[in-house]
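Report on the following structure.
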Amino acid sequence: MHDIRLLRDQMDHLREGMRRRGKLAELQPLLDRAEQLERERREAIRAAEDAQSQRNRISQDVAQRRRAGEDAEALMAEGRAVGARIAELEARRQAVDGEMQDILLQLPNLTLDEVAEGGEEANTVVRTWGTTREGEQGIAPHWEVGEALGVLDLPRGAKISGSGFIVYRGLGARLVRALMNLMVDTHVEEHGYEELWVPLLVNRATMTGTGQLPKFEDDMYAVPDDDLFLIPTAEVPVTNLYRDEILDAAELPRGFVAFSACFRREAGSAGKDTRGLLRVHEFDKVELVRYATPENSRAELDLLTSHAETMLQRLELPYRVLKLAAGDTGFSSAMTFDLEVFAPGVGKWLEVSSCSVFTDFQARRANIRFRAAAGEKPRFVHTLNGSALAFSRIIAALLEQHQQADGSVRVPEALRPYLGRDTLR
RNA sequence: GGAGAGAUGGCCGAGAGGCUGAAGGCACCGGUUUGCUAAACCGGCAUAGGGGUAACACCCUAUCACGGGUUCGAAUCCCGUUCUCUCCGCCA
């Protein structure tokens, strides 16, 4: 969410930001409306406050007269009239304010200057790591190897929950545990993150704090009786950890790592990537979240991204790093790096991590601030997050990239202590 | 799930329709005193919004968990919600 003051003082800047995302045509009417509303809003505030001031004066006069034992009936009648006017003015103020909020919630974040204009086609590969097995013949897609090795049971997942729900079995199940332990241990021991274990069901305020609500309610699994939602990512509970709090500057930057299941309805993507593990309704993920000061958040994004990359290197999976163009950058993000691994069985690059800096966009919404020094005004922190990594696609990539001619799968060095063997066969 | 008690500033804690943005204490910041530490004393000490100013000053409004209501006027009375605590029930 943007600062309402941008609408007043920096409309050109805001307009330029929407243009860079390729959203100006779509959002121009909103911006125009907002500009007008901002004037009305201040007008309404002023009128309402003037009336309140008048009422307070009348009430004090009544009190004085009462104490003096004089009659206050006329004043009280006046007070009633003013009270009625306040109610009207208040209603108008709320209406204007409500519409303004609606608009603010629909405007995406401004991207950093270094982010290229344009859509997906303007994304750039900033680096690659490892050698892919692109074009190599005879590599089976992960669902075939997975079923053959007895580590995946997709038909039964579909039976007990539906399509897009996975049963891992045997070493497959253990692989999930191994990935969790490898990743969390690495981020805690080597990268200095604090480990968290968080609720998978969260309330509406939490979902709103990170921006899933109100706009994306249809994408979420919900428990309406309790007004709770299944998290689409651990970013939601972890970023909300300090909602409505003021942190000490000495505590920043701060990093948290959490393993969680993630639930996504994937409404609107019917028919895409329906086979195997590429697009599922429930998957596991290790998520990194960082809180930073505005001064160092850009550098923190590079650090966070490098932490996610470390995991791919440990898993010996070739990958590339994409810097997303403005039009492909997520709603709340100011800049995003996507990490994609190559899965030679399906012949595709798979997105397994998305590392973003949100500047103060989420923090304003969730009201997370910090105080640089005692006595100074609190400012909004900058938040960042990135997956490190999303399991289902990683498992797909492992089953394909490390697949051997006899159909067995080599276990990368780093996973062996956790998995207890060097080959899946 | 049932019964009861509670929620006031960074913290503790008073207040029970008007003179209360809120006593008192602690913490914190500045000053005086002081060989040092400590103590004592004096002063300061919420946030947000609107106006105002070159910038200050200053003025107004809101905020005593949250949302409604009663009233000329609500921290205070009424209703609803949330959370915390105690007891009972249930449960991994």
Side-chain angles (χ1 to χ4, degrees), chain A residues 1-10 34-105 197-209 213-214 222-229 237 240-252 261 360 363-381:
Chain A
M1 188 170 65
H2 292 289
D3 189 338
I4 199 164
R5 273 174 289 225
L6 279 184
L7 292 170
R8 201 157 64 203
D9 311 330
Q10 297 184 55
E35 214 166 11
Q36 184 192 345
L37 276 173
E38 172 55 18
R39 283 191 297 271
E40 284 180 29
R41 191 180 70 91
R42 276 184 293 168
E43 163 81 22
I45 287 171
R46 201 171 173 170
E49 288 188 351
D50 281 352
Q52 282 168 327
S53 176
Q54 192 186 346
R55 181 191 60 189
N56 291 346
R57 236 175 302 118
I58 292 170
S59 296
Q60 275 167 25
D61 289 350
V62 169
Q64 223 165 49
R65 280 180 168 256
R66 280 266 177 101
R67 254 176 276 129
E70 297 169 33
D71 173 56
E73 196 40 59
L75 270 177
M76 283 162 64
E78 198 184 334
R80 270 189 289 274
V82 172
R85 228 178 82 233
I86 288 175
E88 278 168 39
L89 292 169
E90 253 326 297
R92 189 172 133 228
R93 172 179 169 169
Q94 273 177 24
V96 172
D97 230 32
E99 196 186 336
M100 182 64 105
Q101 282 301 318
D102 284 350
I103 290 177
L104 279 177
L105 290 176
W197 194 275
V198 291
L200 305 180
L201 282 169
V202 299
N203 59 32
R204 187 170 284 276
T206 296
M207 277 303 225
T208 306
L213 296 182
V223 185
D225 281 357
D226 299 290
D227 207 25
L228 292 172
F229 299 84
N240 276 279
L241 198 66
Y242 290 105
R243 173 154 47 86
D244 296 322
E245 294 193 35
I246 298 176
L247 302 168
D248 218 336
E251 300 175 273
L252 300 174
D360 61 2
R364 177 171 298 107
R365 217 175 154 114
N367 193 27
I368 308 166
R369 294 175 292 173
F370 77 102
R371 211 186 291 277
E376 268 187 40
K377 269 191 195 286
R379 297 153 67 200
F380 290 111
V381 302

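Labels below follow one simple rule: chain letters A, B, ... track the order of the sequence lines, proteins then strands, and each chain is numbered from 1.
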Pairing nucleotide - B:A48, Watson-Crick or G-U, each distance under 3.5 Å: B:U61
G-U wobble or Watson-Crick pairing nucleotide for B:G21 (cut-off 3.5 Å, both distances):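 WC or wobble partner does not exist here.
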Under 4.0 Å, counting only non-hydrogen atoms across every strand here, what does [X] touch: a base, just sugar-phosphate, or nothing?
X        : answer
A:Arg204 : nothing
A:Asn56  : sugar-phosphate
A:Arg39  : nothing
A:Arg66  : base
A:Arg65  : nothing

Under 4.0 Å between a side-chain N or O of [X] and OP1 or OP2 of [N]?
X       : N     : value
A:Ser59 : B:G18 : no
A:Arg46 : B:G49 : no
A:Arg55 : B:A62 : yes
A:Arg42 : B:G51 : yes

Strand-adjacent residues in residues 69-87 of chain A, judged by heavy atoms under 4.0 Å from RNA chain B: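 Heavy-atom contacts with RNA chain B come from A:Met76, A:Gly79, A:Arg80.
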Separation of atom CZ in A:Arg369 from atom P in B:U47, rounded to whole Å: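 About 9 Å, once rounded to whole Å.
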Whole angstrom value for the distance that separates P of B:G17 from CZ of A:Arg67: 15 Å
Distance between C1' atoms of B:C58 and B:U53 (Å, rounded): 9 Å
Pairwise C1' distance, B:A92 and B:U81 [rounded to whole Å]: 30 Å
With A:Arg92 via side chain to side chain donor-acceptor pair (under 3.5 Å) - residues at least two apart: none
Side-chain donor/acceptor contact of A:Gln60 with base of B:G73 under 3.5 Å: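 No, no donor-acceptor pair under 3.5 Å.
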